[in-house]
Amino acid sequence: MKQSKIVTIERHIIEGERAHPGASGEFSALLRDLTLAFKVIHREVSKAGLVDIIGLTGKENIHGEQVKKLDAFADETVCKAMDHTGHLCIMASEEHEEALNIPDAYPKGKYVLLYDPLDGSSNIDVNITIGTVFSIYRRVSPGGKGTLDDCLQPGYKQIAAGYAIYGSSTMLIYSTGDGVHGFTLDPSIGEFLLSHENLRVPKRGKIYSINEGNYRFWDEGVKKFIKFLQEDDKSTNRPYTSRYIGSMIGDIHRTLMYGGIFMYPADQRNPNGKLRLLYEANPMSFVMEQAGGRASNGRKRILDVTPTELHQRTPLFIGSDEDVALAEEFLHGKR
Ligand code: AHG
Ligand code: MN
Ligand code: MN
């Protein structure tokens, strides 16, 4: 059997840093620390059915949703892997109302970490794909403790973003603005190995992904777009196939690999959509654009939106360049 070269995530990060002369190594260390958190979360997720970790903590998070034990575990794991390292000045997590300060005892660094500790958590009990999403910025405040301004930066300022996906295998997908690379965890050696170098999303796909149960609450543009995708026209891949897991991480990962479009639009009940700009839409949009795709809120590019609040929600249309551009035309009433 011919074996291709074996590259761990650590090696890949170091090689990436070599391409930037003058880099201090701090950013690489930050990414490596994050991969440790993902391995720990993978370990717990993979035995979720074995230990008494499944179930509710009984607490509600700030969105009024029940917090699952694994959400709390993942949240704490990321925080505890990162707060003492000296790389970060502040963090914010989907599970906490306020930003997370670095404890006084630890040094403050020049980076900011925003994360969704466990996306798709309603799927934990049924063994369906979930994941951890992260977004990294350079701080804008002068020094010492980080501030809210460090967290409220537009997505185009991300210097890295990505996700760990705990599916049939555990993968880590990330970008530092130089393409998108995918690694698969070999649990027997505890290493993420390069499996998908320089991922590119197809220009056009044939799968759409949306919660169609919300149909009657959508705007006319969204309804018309979905109907259009269901029409028969071989020259434009139609009818598209429909796939919806209800786990953004899984739905967008599939979109990245196969092409097509994932949507969580605004609707009558959720005028700003459901997904969170800082913890979900921005990092996934950074990755999708880096893979040659597109991401929009229906009016503008997601990465150009300047956030005003930590937990701000946004409509999201993300995936293949041509599919998202077409969605925008329908939303603008041009079709
Ligand atoms: P989270 O588990 O982090 O709270 O996110 C859940 C999100 C996202 O993963 C998914 O795309 C969406 O909720 C599904 O929402 P619907 O059930 O309304 O379709
Ligand atoms: Mn989420
Ligand atoms: Mn979550």
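Only heavy atoms go into these numbers, but all of them, side chains included; no hydrogens, no water, no symmetry mates. Counting convention: from 1, in listed order, for ligands and their atoms alike. Here the structure is a predicted model, which is why all the values come from computation and not from measurement.
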Open item on the list: Would you say the ring centers of Tyr137 and Tyr111 fall short of 6.0 Å from each other?
Closed with: no

Open item on the list: Rounded to the nearest 10°, what angle sits at the Mn ion (ligand 3) between OE1 of Glu94 and O of Leu118?
Closed with: 170°

- [ ] Taking the six-membered ring for Trp and the single ring otherwise, decide whether the centroids of His253 and Tyr163 are under 6.0 Å apart.
- [x] yes

- [ ] Kindly identify the option in Met248, Glu212, Glu95 whose heavy atom sits closest to atom 8 (C) of ligand 1.
- [x] Met248

TODO: Report the member of Asp267, Asn123, Asn211 with the shortest heavy-atom distance to atom 16 (P) of ligand 1.
DONE: Asn211

Open item on the list: Closer than 2.8 Å to the Mn ion (ligand 3): does that hold for any N, O or S atom in Asp119?
Closed with: no

TODO: Considering heavy atoms of the protein only, find what lies nearest to atom 5 (O) of ligand 1 and give residue, atom and distance to 0.1 Å.
DONE: Asp119 OD1, 3.2 Å

- [ ] State if Leu118 counts as touching ligand 1 under the rule of any non-hydrogen atom under 4.0 Å.
- [x] yes

Task: Ligand-residue contact atoms, ligand 1 with Ser247, heavy atoms, under 4.0 Å - done: 9 (O)

Open item on the list: For Phe183 and His196, I'd like to know if the aromatic rings sit close, meaning centre-to-centre distance below 6.0 Å.
Closed with: no

- [ ] Measure from the ring center of Phe134 to the ring center of Phe38 and say whether it is less than 6.0 Å.
- [x] yes

Open item on the list: Can you confirm, on distance only, whether ligand 1 has an N/O atom lying under 3.5 Å from any N/O atom belonging to Asn214?
Closed with: no

Task: Contact check, Tyr244 vs ligand 1, heavy-atom distance below 4.0 Å - done: yes

TODO: Specify which N/O/S atom of Glu280 comes nearest to the Mn ion (ligand 2), by atom name.
DONE: OE2

TODO: Considering just N/O/S atoms, say which atom of Asp116 is closest to the Mn ion (ligand 3).
DONE: OD1

Open item on the list: Set out, in order, the CA-CA distance, both residues' side-chain angles and the distance that settles side chain to side chain donor-acceptor pair (under 3.5 Å) for Glu191 and Thr8, then state yes or no.
Closed with: CA-CA 6 Å; Glu191 295 277 8; Thr8 63; 4.7 Å; no

- [ ] Please indicate whether Asp178 has more than 12 foreign heavy atoms, meaning atoms of other residues, nucleotides or ligands, lying under 6.0 Å from its CG.
- [x] no

Task: Under 3.5 Å: N/O of Gly120 near N/O of ligand 1 - done: yes

TODO: Give the atoms of ligand 1, by number and element, whose distance to some non-hydrogen atom of Lys274 is under 4.0 Å.
DONE: 12 (C), 13 (O), 14 (C), 15 (O), 16 (P), 17 (O), 18 (O)

- [ ] Heavy-atom contacts with Asp116 under 4.0 Å: which atoms of ligand 1 show up? List them by number with element.
- [x] 3 (O)

Open item on the list: I need the atoms of ligand 1 closer than 4.0 Å to a non-hydrogen atom of Glu94, numbered in the order shown.
Closed with: 3 (O), 4 (O)

